[in-house]
Amino acid sequence: MEYINLKNSGLKVSRFCMGGCPMGGYGWGDTNEQDFINAIHEALYSGVNFFDTADTYGLGKSEEVLAKGIDGHRENVIIATKFGVRVSGNKTIYDNSPAYIEEACNASLKRLNSDYIDIYQVHYRDGVTPLSVVLNALKRLKREGKVRYFGLSNILKKDIPEIKENMGEFISFQDEYSLACRKNETDIFQIKEDLEMTPLTWGSLGQGILTGKYNNNVKFQSNDRRSRDTYVNFHGKKLLKNLDIVEEMRHIQKEVEYEYNKKVGLSAIAIRFILDYIPESVVIAGVKNKEQLTGNIEAFSWNLNQDQIIRLCKISEE
């Protein structure tokens, strides 16, 4: 495992962060709680100390499952969770109000069975509450010992001026990024440079298309969000382009296995690309079982060479 220090903090984290969206048990097909717990145990055994979740994943279920998985190991792990998205009836509401931040934090602490959250992240901005007001609410939680550090999620370079007014207050930011989704690449590099925050990538496996498990006849169950056209990685021309990317990944997989004399799955190729292409980054990837976790952490103890990175960039350019 590789580790880095998150900017502006005293936190040393694994460069692989186990994502908690599937742990919510909603929208990813059939899942099993014990499978998630086994995957968490395998992550801990393998040196993963960083876990990312959110209060909206399964409406709190993900945080509860994570708490079960890390039971007895809380002091050895870094937990990042998020606030700012709530559900009212059939409506999804973005809410960064101070009152809701406090309510959400207390609820997450209870579900996580913890006295504190290591990194409390703004999931989405609500377009109403100024960042300075959000920050004051977060600082209050920090003074109370409930939160250690603050992070941001789903921000772009247009957000830089407002964040820069609070330079150094946030230690990390999350954006979608993978070989299947490079649209945020320029923003990520600019935010990383201008604001001196550590980038965390979500959707790092393109919701699974980069694992090599799917072909152009892919079908999902109705309880899997990827069946919807909004999950473009599995539909139309985007699917075909992604399959071309996967084919190039297979060629590179053979080269890596030959050079390093070790088994390396396609998930590991996708993860290693991010780690090598974006220095000092952390890859977030959700898993549904121990086997998927094991495949993801095959991304360590080797590197892609410059030619391989160039080929992956070329085949995946948008």
| Residues, nucleotides or ligands: over 12 heavy atoms within 6.0 Å of Asp115 CG | no
| Using a distance-only test with no angle check, is there a side-chain donor-acceptor pair under 3.5 angstrom linking Tyr120 and Lys146? | no
| field | Shared hydrophobic cluster, Ile40 / Trp202 (ILVMFWY, side-chain heavy atoms < 4.5 Å) | value | no
| field | Residues Glu33, Lys68: salt bridge by 4.0 Å N-O rule | value | yes
| field | Exceeds 12 heavy-atom contacts within 6.0 angstrom, atom CD of Glu193 | value | no
| query | Does atom NZ of Lys290 have more than 12 heavy-atom neighbours, drawn from other residues, nucleotides or ligands, at distances under 6.0 Å? | reply | no
| Stepwise side-chain contact (heavy atoms from CB on, under 4.5 Å) test for Glu63 and Leu66 | CA-CA 5 Å; Glu63 292 177 324; Leu66 178 58; 5.7 Å; no
| task | Supply the atom-to-atom distance Glu280 CD to Lys7 NZ, rounded to the nearest 0.5 angstrom. | result | 4.5 Å
| field | Salt bridge flag under 4.0 Å for residues Glu169 and Lys142 | value | no
| Above 12 or not: heavy atoms from other molecules or residues under 6.0 Å from NZ of Lys262? | yes
| Cys313 side chain reached by Arg182 side chain, heavy atoms, under 4.5 Å | yes
| Is any NZ, NE, NH1 or NH2 atom of the basic residue among Arg74 and Asp118 found under 4.0 Å from an Asp or Glu carboxylate oxygen of the other? | yes
| request: Answer with yes or no whether the side chains of Thr81 and Ser108 bring together a donor and an acceptor at under 3.5 Å. | output: no
| So, Gln34 versus Asn38: side-chain donor-acceptor pair below 3.5 Å or not? | yes
| message | Taking CG in Asn215 as the centre, count heavy atoms belonging to other residues, nucleotides or ligands within less than 6.0 Å. Is the count above 12? | response | yes
| Can a donor-acceptor pair be found between the side chains of Asp52 and Gln174 at a distance below 3.5 Å? | yes
| task | Would you kindly say whether Asp30 and Gln221 are connected by a side-chain donor-acceptor distance under 3.5 Å? | result | yes
| query | Backbone N or O of Gly265 within a donor-acceptor pair of the Glu298 side chain at under 3.5 Å? | reply | yes
| message | I want to check something: taking the side chain as every heavy atom from C-beta on, are Tyr57 and Met23 in contact at a cut-off of under 4.5 Å? | response | no
| field | Note, Glu248 side chain near Lys314 side chain (heavy atom, < 4.5 Å) | value | no
| So, Arg86 and Glu103, do they make that salt bridge, N to O below 4.0 Å? | no
| remark: Separation between CG (Leu312) and CD1 (Ile245), nearest 0.5 Å, reads 8.5 Å
